[in-house]
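As structure tokens, the structure follows; a few thoughts come after it.
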Amino acid sequence: MKITILTLFPEMFTALSASILGRAQKEGKLELTIVNIRDYTEDKHLKCDDYPFGGGAGMVMMAQPVGSAIEAVDPDHTARRIYLSPKGATFTQQKVFELVGQEHLVLLCGHYEGVDQRAIDLFIDEEVSIGDYVLTGGELPAMVVVDCVARYVDGVLSPESLVQESFSENLLEYPQYTRPVEYRGLRVPDVLRSGNHAEIDKWRREQSVAVTKKQRPDLLEGKS
Ligand code: 4H6
């Protein structure tokens, strides 16, 4: 899968070279391209932002560099073009499954007060928000989208981790334990060391339901 990120702050995306996403890129399963919008400005001083018409605080990203960058990375408009913005529809796991089916995603990161509306109207397919809070830029939301989607690209995660997840759909995860057997007086539940896999599965299912009831009862609404 191909994901192109358009940003004025490409250095923020070094985080995506670590861990599982770093390996996925090295193995050629995920092709991530970080594009500096500034490379596309036609301004002689390389400016990419300007004061808002009508006044008000902050700066607005100019339509020209954003539009030219999008046209350069997706000239035939075959990609799904997404603008990360607090006004977008909330990003959910359902949206993740919708996006993994795409061959190419283009993620536009706004900064300052956002992007000139004309660039959104002309070049963007949809606006997505990762939740009801305000950030300084769309860069962190873009990384969230990349991480969520990349998990479902073939060969990025082990098939077992994904099967596990689909079994426990709409339930929170059961608690996990590793060595040592006792830490500060707290012991690993005996059943997990019993070797009885039917009992382990049963305990884990019960724990998943109990923790969901306690912490996210909304997920169980309309069930049982
Ligand atoms: C586009 C438009 C996404 C991007 C406006 C972006 C939260 C999310 C931004 C803005 C974001 C999210 C600039 C508007 C700062 C508010 C960057 N914040 N903002 N929830 N900020 O996905 O002022």
Side-chain angles (χ1 to χ4, degrees), residues 1-16 18-21 30 32-43 46-74 77 79-102 104-153 216 218-219:
M1 178 175 203
K2 238 174 76 168
I3 306 181
T4 305
I5 295 172
L6 306 179
T7 175
L8 286 176
F9 299 93
E11 65 279 6
M12 289 183 70
F13 292 89
T14 52
L16 299 181
S19 186
I20 295 167
L21 297 188
L30 179 64
L32 251 184
T33 307
I34 314 298
V35 171
N36 192 340
I37 294 167
R38 199 173 301 285
D39 293 346
Y40 292 89
T41 183
E42 289 167 7
D43 178 86
L46 306 188
K47 255 171 65 84
C48 290
D49 59 82
D50 211 332
Y51 299 96
F53 276 114
M59 303 295 275
V60 175
M61 284 170 65
M62 293 155 64
Q64 179 276 314
V66 168
S68 297
I70 294 176
E71 285 184 322
V73 302
D74 181 31
H77 199 162
R80 182 86 156 257
R81 302 169 173 181
I82 296 173
Y83 179 46
L84 288 312
S85 135
K87 287 191 227 173
T90 307
F91 190 57
T92 60
Q93 195 62 33
Q94 183 187 313
K95 178 63 76 175
V96 174
F97 292 133
E98 190 186 314
L99 296 183
V100 256
Q102 295 285 321
H104 186 193
L105 297 180
V106 172
L107 305 180
L108 171 63
C109 306
H111 222 92
Y112 314 117
E113 298 307 312
V115 175
D116 186 307
Q117 187 62 38
R118 292 167 295 182
I120 311 308
D121 294 345
L122 286 169
F123 297 107
I124 289 298
D125 297 320
E126 63 179 313
E127 279 182 58
V128 166
S129 161
I130 62 163
D132 287 338
Y133 37 79
V134 177
L135 299 161
T136 57
E139 283 78 11
L140 289 168
M143 288 189 245
V144 167
V145 170
V146 169
D147 191 285
C148 290
V149 169
R151 298 177 71 246
Y152 295 93
V153 171
R216 290 292 308 278
D218 56 300
L219 296 178

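When a ligand or atom number is given, it counts from 1 through the structure's own listing order. Counting from 1, the numbers follow the sequence of the chain as shown. These figures come from a predicted structure and were not determined experimentally.
Under the rule for a salt bridge (charged side-chain N to carboxylate O under 4.0 Å, His left out), the partners of Arg118 that lie at least two apart in sequence or sit in another chain are Asp116.
Between the side chains of Asp125 and His77, at least one donor-acceptor pair of N or O atoms lies under 3.5 Å.
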Is there a side chain to side chain contact (heavy atoms under 4.5 Å, CB included) between Ile37 and Met61 once you walk through the steps? CA-CA 10 Å; Ile37 294 167; Met61 284 170 65; 3.7 Å; yes
Verdict with supporting geometry, Thr4 and Asp74, side chain to side chain contact (heavy atoms under 4.5 Å, CB included): CA-CA 9 Å; Thr4 305; Asp74 181 31; over 6 Å; no
Are there any N/O pairs under 3.5 Å between ligand 1 and the protein, and if so, what are their distances?
from     : atom 1 : to     : atom 2 : distance (Å)
ligand 1 : 18 (N) : Leu135 : N      : 2.9
ligand 1 : 20 (N) : Ser129 : OG     : 3.2
ligand 1 : 20 (N) : Gly131 : O      : 2.9
ligand 1 : 20 (N) : Tyr133 : O      : 3.2
ligand 1 : 21 (N) : Leu135 : O      : 2.9
ligand 1 : 22 (O) : Ile130 : N      : 2.8

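Residue-environment remark: CG (Asp218) exceeds the threshold of 12 foreign heavy atoms within 6.0 Å. Residue Gln94 places its CD atom among 12 or fewer non-hydrogen atoms of other residues, nucleotides or ligands, all under 6.0 Å distant.
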